[in-house]
J.: 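The structure follows.
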Amino acid sequence: MAAPSEDEVNAILSGMGKFCADDELNCGACGYETCREHEVAIYRGLAETQMCLPYVIERFDHTVRQLSES
């Protein structure tokens with residue numbers, strides 16, 4: 001499989017709220033050593049954004065805040 005371009009990887013990262021290198025925690029919760037490895041796997045269809053625990057927690061918190069406001 002072809003590797004994604006840097007722009008394609010950055011687009012996936014941005015969609016997950018990771019806009020700079022400091023946002024990439026590289027925690028390994030998704031099963032990949034780095035956020036960039038995870039994003040390449042997403043690009044190739046081998047992984048999903050929901051595998052990123054910090055992303056899922058942030059989305060959950062956002063939803064909870066929206067519900068509490070309504």
J.: Tell me who clusters with Val9, hydrophobic residues only, linked when side chains sit under 4.5 Å apart either directly or through other members.
T.: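 The other cluster members (ILVMFWY side chains, heavy atoms under 4.5 Å, direct or chained) are Leu13, Val40.
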J.: In chain order, what residues pass the salt bridge (charged side-chain N to carboxylate O under 4.0 Å, His left out) check against Glu69, with sequence neighbours excluded?
T.: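 For Glu69 there are no salt bridge (charged side-chain N to carboxylate O under 4.0 Å, His left out) partners, ignoring immediate neighbours.
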J.: For side-chain contact (heavy atoms from CB on, under 4.5 Å), just list the numbers for Arg36 and Glu6, CA-CA rounded to whole Å, side-chain angles, deciding distance to a tenth of an Å, and then say yes or no.
T.: CA-CA 10 Å; Arg36 293 208 170 254; Glu6 189 67 20; 2.9 Å; yes
J.: For Gln66, check side-chain hydrogen bond (donor to acceptor under 3.5 Å, both in side chains) against everything at least two apart and list the hits.
T.: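 Gln66 satisfies side-chain hydrogen bond (donor to acceptor under 3.5 Å, both in side chains) with His62 only.
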J.: If you compare all heavy atoms of Asp22 against all heavy atoms of Leu25, which two are closest, and at what distance to 0.1 Å?
T.: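 For Asp22 and Leu25, the tightest heavy-atom pair comes out as O-CD2, 4.4 Å.
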J.: Just grab all the ring pair (Phe, Tyr, Trp, His ring centres under 6.0 Å) pairs involving residues 17-51, residues at least two apart or on different chains.
T.: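 Listed once each, the pairs are Tyr32-His38.
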J.: If you round to the nearest 0.5 Å, how far is OG of Ser14 from CD of Glu39?
T.: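 Reported value, rounded in 0.5 Å steps: 9.5 Å.
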J.: Tracing side-chain links under 4.5 Å among I, L, V, M, F, W and Y, which residues wind up in one group with Phe60?
T.: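 Traced through the cluster, Phe60 reaches Val64.
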J.: For Glu58, which residues count as a salt bridge (charged side-chain N to carboxylate O under 4.0 Å, His left out) partner, sequence neighbours excluded?
T.: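 For Glu58 the salt bridge (charged side-chain N to carboxylate O under 4.0 Å, His left out) partners, ignoring immediate neighbours, are Arg65.
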J.: What heavy-atom pair brings Asp23 and Lys18 nearest, and what distance separates the two atoms?
T.: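 That would be CB-CA, 3.6 Å.
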J.: Is it true that atom CD of Glu8 has more than 12 heavy atoms of other residues, nucleotides or ligands lying nearer than 6.0 Å?
T.: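 For Glu8, atom CD is crowded (more than 12 foreign heavy atoms under 6.0 Å).
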J.: First locate atom SG of Cys35, then atom CD1 of Ile12, and finally report the distance between them rounded to the nearest 0.5 Å.
T.: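 Between atom SG of Cys35 and atom CD1 of Ile12 there are 12.5 Å.
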